Amino acid sequence: MSPDSRIDPRPNRSRRSGFPTEAGSPNLQRKGPGSRPRPLRTRTVSATMLTFRGIPVSPGIAIGDPLVLDPRGSRPPHRAIEPARLGEECDRLSRALDAARIEAEAAEAEARRRLGPQYADILGAHARMIADPAVLRESRTRIEQQLVNAESAVAEVLEGYAVRLEALTQSHFAARAADVRDILQRILKQFREEAGSPSNSPALGSDPHVILSNDLSPSETAGLDTRMVLGFATEAGGRASHTAIVAEALEIPAVVGLGRFIEDARRSRRVIIDGDQGLLILDPDAETLARYQLDAEARADRIRGLAQLTTLPSVTLDGCDVELLGNIEFPEEIPACIERGAGGVGLYRTEFLFLNNDHRPTEDEQFAAYAAVVRSVGGRPVVIRTLDLGADKLPTYESARIHEHNPVLGLRSIRVSLRDRELFRAQLRAILRAAALGDVRVLFPLISTLEELRQARAALRSAADELVSEGIECRADLPVGVMIEVPSAAVMADALAREVDFFSIGTNDLTQYTLAVDRSNESVADLYNAADPSVVRLIAMVVAAADSRGIPVTVCGTMGGEPLHALLLVGLGLRSLSMPPHQLPEMKRVIRAIRREDARLLAEAALQEETAAGVVALLQDGLRRAFPEP
Ligand code: PEP
Ligand code: MG
């Protein structure tokens, strides 16, 4: 399949920089008559196909009904419904209102018993408001006339009441507005409970949908019930954002950085997400739909074909072994690693246990997660990275976090661990205990100075001493590595190499910090390129430093799993690459089709290049030679 060539391939503008106007939006390609500003469509005329281009972050094709999530759960998911399902939707509404009323009545009785009539009366008033026939009647009317889901309809109705109350000047009416919003939350909770969704995740309904949202934080993405999510598309986000990383882990097609599309999406009935080309198509026409259905089948065949590579060695045509490892965020990803032939886990991002959690995981909870991973990898190595919290990875339980103006340069990752010693201690103890069960190695993220490494190592030693003195089983001498993902660490790699057992290059952050380009910001996504000569030269320095001390080095950033970069990385001397499990078969195919000598020559040439475009041209040429067109 080829992308619609008329679409401007530039990524979109950010919320932060202000959205482009709809008519001039570079991401919008309308199929249909004329190229004038798009007329507002109504839901009764047959829908016009709209195509948006963004940044592909997780491959695959998703075709399905859209579900629009509003920012940070401020409004419930909005879904268009088929006329045939009107009755069902009205029944859902009645059930949620009944359940909310019963809950409010029970709360009233409890309050009367424990707190007295003053408080109980407030809850009694809530129960009566929920039972008010006008709420049911007006919400039903919205469902029937606008063909929307029940939670969206009742939210619009109650929000309308609240806004009208707020407009009245007497202060007691404003207080009533707060009551109305409270009641709405009570009702929305019933919808979530009926759908079996956790309290901090949006209710996704009972059928799988394509999720459309302005943005999703890594914790929101991690909290999605994957059985109900066919794929997702967001207006914001960049190629190496952590949200993108979670999408890959969940193996759902995803496109981010699409620019403004939500208002159009609210009216659409069916959507396609093309996670390979980075497209979102609203209301595809019959021809496009058929083409994508065929494409999805061809894709499935291709993946089945690649599965045959699983048991073959990862070795170049001229006999050079290149170890391929899996990146994981959740213990549940281990089977995907093993099935696809991973030599072990090259990066376990442990912070995901903290995201979308209602409390800070204890040492024992962390140990249980690590032990599950170590026990299920069948003796293969597991690199456990200490917490990389901060910036966009904020635990849901930590709402009172200090606001930082520049969080990517702020209290993030190892800096958090070194400040919050109790947090660090519990994690190090859990890792040391898990190390007694198998081949565990510990990795410190975002090290930017030698002092930081020394402090982290000292904390590890003291955690080990504690465990030994308590007689708790652990492995105190496990291998210790650092992530090289800050330019200062790359420059000082020779000094760092003397004090660690291995390096792991995090090209996502290394690119972000070297080029001063936010990896999650779609407005500068075109400036983000891991193949920039500055990044390539830093990688070469790190490999040289590791070689001179005889320590192994892995690339575990997104670059390590991208076929385009395989020749360059092998040519620069890398013999170990770690990636999301779904990329393992394709990378093995590439490794088995290249020669170390060609890769070396290509890397030599890349180190002479002065622009990213020059390096990319070399890489594309190299890949074409490895896989000549039939
Ligand atoms: C990286 O920065 O390349 C990396 C692997 O770490 P993360 O993506 O989790 O920041
Ligand atoms: Mg990183």
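Count residues from 1 along the sequence. Bear in mind the structure is a predicted one, so any value in this text is a computation, not a measurement.
Atom-to-atom distance recorded for Ile431:CD1 and Leu460:CG is 8.0 Å, nearest 0.5 angstrom. Taken to the nearest 0.5 Å, the NE2 atom of His582 stands 11.0 Å off from the SG atom of Cys337. Atom CZ in Arg302 sits 5.5 Å away from atom CG in Leu306 (nearest 0.5 Å). Rounded to the nearest 0.5 angstrom, Phe352 CZ and Ile328 CD1 are separated by 11.5 Å. Taking CG of Leu355 as the start and CG of Leu389 as the end, the distance is 6.5 Å to the nearest 0.5 Å. To the nearest 0.5 Å, atoms CG (Leu216) and CD1 (Ile211) are separated by 8.0 Å.
Judged by distance alone, the side chains of Thr558 and Asn508 do bring a donor and an acceptor atom under 3.5 Å apart. For the residue pair Gln427 and Ser417, no side-chain donor N or O sits within less than 3.5 Å of a side-chain acceptor on the partner. For the residue pair Gln366 / Thr362, no side-chain donor-acceptor distance below 3.5 Å is found, with atom types taken as modelled. Checking Asp318 against Thr316 by side-chain atom types alone, a donor-acceptor pair falls below 3.5 Å. In the model, Thr554 has a side-chain atom that pairs as donor or acceptor with a side-chain atom of Ser576 under 3.5 Å. In summary, the side chains of Asp274 and Gln277 do not present any donor paired with an acceptor at a separation below 3.5 Å, with no hydrogens or angles considered.
Ion pair Arg454/Glu499 flagged as a salt bridge, since at least one NZ, NE, NH1 or NH2 atom sits closer than 4.0 Å to an Asp/Glu carboxylate oxygen. Classification of Asp598 and Arg600 as a salt-bridged pair fails, no side-chain N sitting under 4.0 Å from a carboxylate O. Ion pairing between a basic and an acidic side chain is recognised when a charged N comes within 4.0 Å of a carboxylate O; Arg412 and Asp388 show such pairing.
Looking only at distances, a side-chain donor or acceptor of Thr514 sits under 3.5 Å from a matching main-chain atom of Leu510. Checked by atom type and distance alone, the side chain of Arg575 never pairs as donor or acceptor with a backbone atom of Glu323 at under 3.5 Å. At distances below 3.5 Å, at least one donor-acceptor pair connects side-chain atoms of Lys588 with backbone N or O atoms of Leu309.
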Worked verdict on Arg415 versus Glu451 for salt bridge (charged side-chain N to carboxylate O under 4.0 Å, His left out): CA-CA 12 Å; Arg415 300 171 188 179; Glu451 287 94 332; over 6 Å; no
Should Leu496 and Phe503 be marked as a side-chain contact (heavy atoms from CB on, under 4.5 Å) after you check the CA-CA gap, both sets of side-chain angles, and the distance that decides it? CA-CA 9 Å; Leu496 290 166; Phe503 280 162; 4.0 Å; yes
Derivation of the salt bridge (charged side-chain N to carboxylate O under 4.0 Å, His left out) call for Arg299 and Asp301: CA-CA 5 Å; Arg299 204 169 195 289; Asp301 282 351; over 6 Å; no
Walk me through it: do Asp439 and Arg380 pass the test salt bridge (charged side-chain N to carboxylate O under 4.0 Å, His left out)? CA-CA 7 Å; Asp439 182 353; Arg380 296 170 180 85; over 6 Å; no
Stepwise side-chain contact (heavy atoms from CB on, under 4.5 Å) check, Arg592 with Leu312: CA-CA 9 Å; Arg592 292 175 59 83; Leu312 299 178; 3.6 Å; yes
side-chain hydrogen bond (donor to acceptor under 3.5 Å, both in side chains) between Thr310 and Glu339, intermediate numbers included: CA-CA 7 Å; Thr310 306; Glu339 278 160 26; over 6 Å; no
Salt bridge (charged side-chain N to carboxylate O under 4.0 Å, His left out), that's the test. Do Asp621 and Arg625 meet it? Break it down for me. CA-CA 6 Å; Asp621 189 49; Arg625 283 170 203 265; 3.0 Å; yes
Could you walk me through whether Ser578 and Asn327 pass side-chain hydrogen bond (donor to acceptor under 3.5 Å, both in side chains), step by step? CA-CA 6 Å; Ser578 195; Asn327 289 353; 2.6 Å; yes
Could you go through the side-chain contact (heavy atoms from CB on, under 4.5 Å) check for Tyr513 and Leu409 one step at a time? CA-CA 9 Å; Tyr513 292 122; Leu409 297 182; 3.6 Å; yes
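For Arg624, the salt bridge (Lys or Arg N to Asp or Glu O under 4.0 Å) criterion is met by no residue, not counting sequence neighbours. Among residues two or more places apart in sequence or in another chain, the ring pair (Phe, Tyr, Trp, His ring centres under 6.0 Å) test is passed with Tyr348 by Tyr370. Applying the side chain to side chain contact (heavy atoms under 4.5 Å, CB included) test to Ser548 and every residue at least two apart in sequence or in another chain returns nothing. Applying the salt bridge (Lys or Arg N to Asp or Glu O under 4.0 Å) rule to Glu422 yields the partners Arg425; only residues at least two apart in sequence or on another chain are considered. In this view, Glu363 and Ala426, Arg429, Ala430, Arg433 satisfy the side chain to side chain contact (heavy atoms under 4.5 Å, CB included) rule, not counting sequence neighbours.
Atom CD of Glu473 has 12 or fewer heavy atoms from other residues, nucleotides or ligands within 6.0 Å. Within 6.0 Å of CE in Met587 there are more than 12 heavy atoms belonging to other residues, nucleotides or ligands.
Between Ala540 and Leu607, the shortest heavy-atom contact is CB-CD2, 4.0 Å. Among all heavy-atom pairs drawn from Ala434 and Ala371, the shortest one is CB-N, 4.4 Å. Contact between Glu329 and Ala249 at its shortest, heavy atoms only, is OE1-CB, 2.9 Å. Nearest approach of Ile414 to Leu446, heavy atoms of both residues: CG2-O, 3.6 Å. The heavy-atom pair separating Ala254 from Ala247 by the smallest distance is CB-CB, 3.7 Å.
For residues 534-563, every residue pair satisfying the salt bridge (Lys or Arg N to Asp or Glu O under 4.0 Å) rule, not counting sequence neighbours, is listed here: Arg239-Glu562.
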